[in-house]
Amino acid sequence: MKIKLPDGNIKEYDSAVTPGQIAKEISEGLYRNAAGAIVNNQLWDLERPIDFDCELRIIKLTDPETVDIYRHTMSHIMAQAVMRVYGADKVKFGIGPTIENGFYYDFDIEGVKIAEEDLPKIEEEMKNIIKEDHKIERFEMKKAEAIEFMKQRGQIYKIELIEDIPDEKVSFYKQGDFVDLCRGPHLPSTGRVKYFKLLSVSGAYWRGNEKNPMLQRIYGTAFAKKEELDEYLKMIEEAKKRDHRKLGPQLELFFINTDVAAGMPIFLPYGITVLNQLMTLSRELHKKYGYTEVGTPLIMHEKLWRQSGHWDHYKNNMYFTEKEDVTYAVKPMNCPGHMLIYKNKPVSYRELPMRLFEFGRVHRYERGGVLHGLLRVRTFTQDDAHIFCREDQMVDEVSNIVRFINELYGVFGFSYRATLSTMPEDHMGEEVAWAKATETLKNALEKMNVPYEIAEGEGAFYGPKIDFHVRDVLGREWQCATVQMDFQMPERFELTYKDSDGSERRPVMIHRALYGSIERFFGILIEHFAGAFPTWLAPVQAAVLPVSEKFIDYARQVASKLDAEGIRVEVDDKNETLGYRIRENQMKKVPYMIIVGEKESEQSLISVRTREGKDIQGIQLDQFTQKIKSEISTRLIKSSLE
RNA sequence: GCCAACGUAGCUCAGUCGGCUAGAGCGGCUGAUUUGUAAUCAGCAGGUUGAGGGUUCAAGUCCCUCCGUUGGCUCCA
């Protein structure tokens, strides 16, 4: 058989050969560093024989492709350690896959509850296993044998997994006293990767189903290099420091009274200032992209929600209120309200596309355990719009939305990743219509040169959708914008328009939100900027600090001039030293501090200290005003005085 | 909702084996100081130890129930 190497060389063999042997033939050095191979685009064990023609590439521990291999091996090492610590007869193993940034393993341990304090001793045992450097060997078994094998060991979850595998044979990996059902591949031995850390413990249902028993999950991470691990741990620390739940109350943006309004943030003056800026930007752009703003009631008669289908499909997440024997629903979505607006008068094809936009405050009941600061709440404001159009306008409409998103996210310096979700098993409407709508979304994405991934079967029950995930400064992703085709609403509400030939036709409806939830987007921004908002968003844009009491009058004059120019300014004339007040405003992350004392007041000048610590002495107030005004109106992210 | 950990002053935290009147720093208030680029000094106030129940001569500490928070599971903006 022939094996083609990346440099184009072809090696011929009479009998099965392992990537390890091939590596050795090329050079000892390569063999020493080899961690696995890629065989016909598939990850492969270093010591697993190949007996077919293929293309082969040896990969080293530090190659990006190897990440999943060594993390997976690390999850086995952890499982082995847990087995040793708690006893082989007590531990039943669930699954132990790699995930983004790490791995986990689920265990069912008889009579033991693992706490975070137990992690160090598991880590110790893992270090032992690494030091012992066990060879990791792959072997196969027929399914029936494998089930018997696991039965003897009392591994009930593994038996269930084996039963679900369609192949006749299943593969196992053995390292010392530990054997696990596993697809692999793995490193050649346990001593090959050293840099890891166990991060947290949590509960997780077997196979993610809450009817199944709950297993104990341990999360961990591993890297090929120490620096990479350190960097990742530092990133976690940094994320903790930026946590909007900490910064929000600290910067007086919002707080949550969990006693009377869990999941319903209360916004303070500074927080509302930021939200208003976000809404102003949104309104500007909605106007530019041809939307009309509307407003619909917070509570409406139950019959509207029966007609829309929410009663059947969404009732568990809705709040209700009652008066004089009539039940009203607090809106969880804005679509039914917009339906009423569309139906308010007959629509001509000339009026399409009709783009209705609303800052719609919605309430959705979420279970207590999922609430999380501003990111997961029970009430929020959507920048919601519904576009009604003819079928032939759909590609243009979706393209228009993509342009809108590019401009909106560009303001914050966010890049994004798009996913196209297709028809789920449980869906409404005909498959032909689904295929057509999905095709439309694809065309629009391709027309706009937006790369995307397909999420098979992840669409809403009423239509396919595109989700946009923004990537923040720490590389974390947040799902924000969503564009959904809806086949159900126009049917349920019998929407029509009069076409050019006089016939009544049904419009297509697109549902979309760009920030998603304004409050949630705010939360993301707090973490993205670590509370140091760009000047246009900052609650206080400039603080004027008189050097001493004598210069308070001059400070007030300066402030009132800035205020007259529309700049959000505060005078800090607190009876404290200048150093103290600088520190305080620095911690409030005010972009500019204006310091005025004897020099400045005598010559009608100001001195400016930027948030970045830059100090500019004795400049004209007008000069500063012009700079900051243009920085604000162009919504610059970086200070223009840097 | 489920699993685990946690809940002490506005914030961050201490409080030993159950044992005197629950402490500190920051913040707040009052006064002194009049300050030139990241914390001036002094004094004062501030607590139903998340709520309720139990064990005990005695509970912040031990037990039970509830509420909430955090990390996950499920769902999603």
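For the numbers below, each heavy atom of this structure counts, side chains included, while hydrogens, waters and symmetry mates do not. Naming: A, B, ... by sequence-line order, numbering from 1 per chain.
Across all strands, A/Leu215 comes closer than 4.0 Å to no nucleic acid atom at all (heavy-atom distances). Within 4.0 Å of A/Asn585, counting heavy atoms only, lies no atom of the nucleic acid at all. Counting non-hydrogen atoms under 4.0 angstrom, A/Glu366 reaches a base of the nucleic acid. No contact: A/Val362 has no heavy atom under 4.0 Å from any strand. Note on A/Tyr219: only backbone sugar-phosphate atoms sit closer than 4.0 angstrom, heavy atoms only; bases stay farther off. Using a 4.0 Å heavy-atom cutoff across all strands shown, A/Glu598 reaches at least one base atom of the nucleic acid. Nucleic acid contact class of A/Lys588 (heavy atoms, under 4.0 Å, all strands): none. Among the heavy atoms of the strands lying under 4.0 Å from A/Gly579 are primed sugar atoms or P, OP1, OP2 only; no base atom is included.
Nucleotides B/A59 and B/G18 are separated by 14 Å at their P atoms, to the nearest Å. The gap from the C1' atom of B/G36 to that of B/A9 amounts to 36 Å, rounded to the nearest Å. Between B/A39 and B/U49, the distance separating the two C1' atoms is 30 Å to the nearest Å. One P atom belongs to B/G7, the other to B/G43, and the distance between them is 32 Å to the nearest Å. If you take atom C1' in B/U69 and the same atom in B/A24, they sit 24 Å apart, rounded to whole Å. The same atom, P, is picked in B/C2 and in B/A51; the two are 23 Å apart, to the nearest Å. B/U12 and B/G27 are spaced 11 Å apart, taking the C1' atom of each and rounding to whole Å. Here, B/U33 and B/G23 have their C1' atoms 30 Å apart, quoted to the whole Å.
When only modelled atom types and interatomic distance are considered, A/His469 and A/Gln479 share no side-chain donor-acceptor pair under 3.5 Å. The closest side-chain donor-acceptor pair between A/Arg245 and A/His372 falls under 3.5 angstrom. Residues A/Glu598 and A/Tyr554 bring no donor and acceptor atom of their side chains to less than 3.5 Å of each other. Defined by atom type and a distance below 3.5 Å, a donor-acceptor pair is missing between the side-chain atoms of A/His72 and A/Thr98. Inspection of the A/Asn400 and A/Tyr289 side chains reveals no N or O donor paired with an N or O acceptor under 3.5 Å. Of the N and O atoms on the side chains of A/Arg512 and A/Thr482, not one donor lies less than 3.5 Å from an acceptor on the other residue.
Straight-line distance from the CZ atom of A/Arg364 to the C1' atom of B/U74: 16 Å, rounded to whole Å. Here the P atom of nucleotide B/C75 and the CZ atom of A/Phe380 are 17 Å apart, to the nearest Å. Rounded to an integer number of Å, the gap from CH2 of A/Trp206 to C1' of B/G72 is 17 Å. Counting to the nearest Å, the C1' atom of B/C76 and the CD atom of A/Glu519 are 16 Å from each other. Residue A/Glu252 contributes atom CD, which lies 11 Å from atom P of B/G28 at whole-angstrom precision. Between A/Phe255 atom CZ and B/G10 atom C1' there is a gap of 12 Å when expressed in whole angstrom units. A/Arg378 places its CZ atom 18 Å from the P atom of B/C75, with the value rounded to the nearest Å. The separation between A/Ile595 atom CD1 and B/U35 atom C1' is 12 Å, rounded to whole Å.
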Item to complete: Tell me, with the steps shown, if A/Ser639 and A/Arg611 meet side-chain hydrogen bond (donor to acceptor under 3.5 Å, both in side chains).
Response: CA-CA 9 Å; A/Ser639 164; A/Arg611 185 165 54 190; over 6 Å; no
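Across the interface with RNA chain B, nearest-nucleotide mapping of A/Val370 and A/Ser200 shows A/Ser200 to be the residue nearer the 5′ end. Nearer to the 5' terminus of RNA chain B, by closest-nucleotide assignment, is the contact made by A/Thr577 (compared with the other of A/Thr577 and A/Ala481).
Taking 3.5 Å as the limit, the base of B/A38 and the side chain of A/Arg609 contain a donor-acceptor pair of atoms between them. Side-chain atoms of A/Asn575 come within donor-acceptor range of the base of B/U33, with a qualifying N/O pair under 3.5 Å. Scanning atom types as modelled, no donor and acceptor separated by under 3.5 angstrom connect the side chain of A/Glu549 and the base of B/U33. Counting atom types as modelled, A/Tyr205 pairs a side-chain N or O with a base atom of B/G1 as donor and acceptor under 3.5 Å. A donor N or O paired with an acceptor N or O is found under 3.5 Å between the base of B/G36 and the side-chain atoms of A/Glu600. In the interface, the side chain of A/Arg217 is not paired with the base of B/C3 through any donor and acceptor atom under 3.5 Å apart. For a distance-only test at 3.5 Å, the side chain of A/Arg367 fails to qualify as a donor-acceptor partner of the base of B/C2.
Pair assignment for B/A5 gives B/U69, based on Watson-Crick or G-U wobble hydrogen-bonding distances that are each under 3.5 Å. Checking B/U16 for Watson-Crick or G-U wobble geometry (two distances, each under 3.5 Å) identifies no partner in any strand. Here B/G47 sits opposite no nucleotide as a Watson-Crick or G-U wobble pair (both hydrogen-bonding atom distances under 3.5 Å). With a cut-off of 3.5 Å on both Watson-Crick or G-U wobble distances, the partner of B/U40 is given as B/A32. Pairing of B/U56, defined by two Watson-Crick or G-U wobble distances under 3.5 Å, is not identified with any nucleotide. Across all strands shown, nothing is found opposite B/A22 as a Watson-Crick or G-U wobble partner with both distances under 3.5 Å.
Classification of A/Glu238 and A/Arg242 as a salt-bridged pair holds, one side-chain N sitting under 4.0 Å from a carboxylate O. A salt bridge is defined here as a Lys NZ or Arg NE, NH1 or NH2 lying under 4.0 Å from an Asp or Glu carboxylate O, and A/Arg207 with A/Glu160 meets this definition.
Of the side-chain N and O atoms in A/Lys550, one or more sit less than 4.0 angstrom from OP1 or OP2 of B/U35. The phosphate of B/G27 has OP1 or OP2 within less than 4.0 Å of a side-chain N or O from A/Tyr580. OP1 or OP2 of B/U70 has not a single side-chain nitrogen or oxygen of A/Lys246 nearer than 4.0 Å. At least one side-chain nitrogen or oxygen of A/Arg245 sits closer than 4.0 Å to the OP1 or OP2 atom of B/G71. Between A/Arg581 and B/A39 there is no side-chain polar atom (N or O) within less than 4.0 angstrom of OP1 or OP2. An OP1 or OP2 oxygen of B/G71 is reached within less than 4.0 angstrom by a side-chain nitrogen or oxygen of A/His372.
For A/Asp615, counting side-chain heavy atoms from C-beta on, the closest listed nucleotide (B/A77, B/U37, B/G36) is B/U37. Minimum atom distance to the side chain of A/Arg583 is reached by B/A39, of the listed B/U35, B/A77, B/A39. Counting only heavy atoms from C-beta on, A/Ala204 has its side chain closest to B/C73 among B/U74, B/A77, B/C73.
Within 6.0 Å of atom CD in A/Glu407, more than 12 heavy atoms from other residues, nucleotides or ligands are found, so the atom counts as buried in its surroundings.
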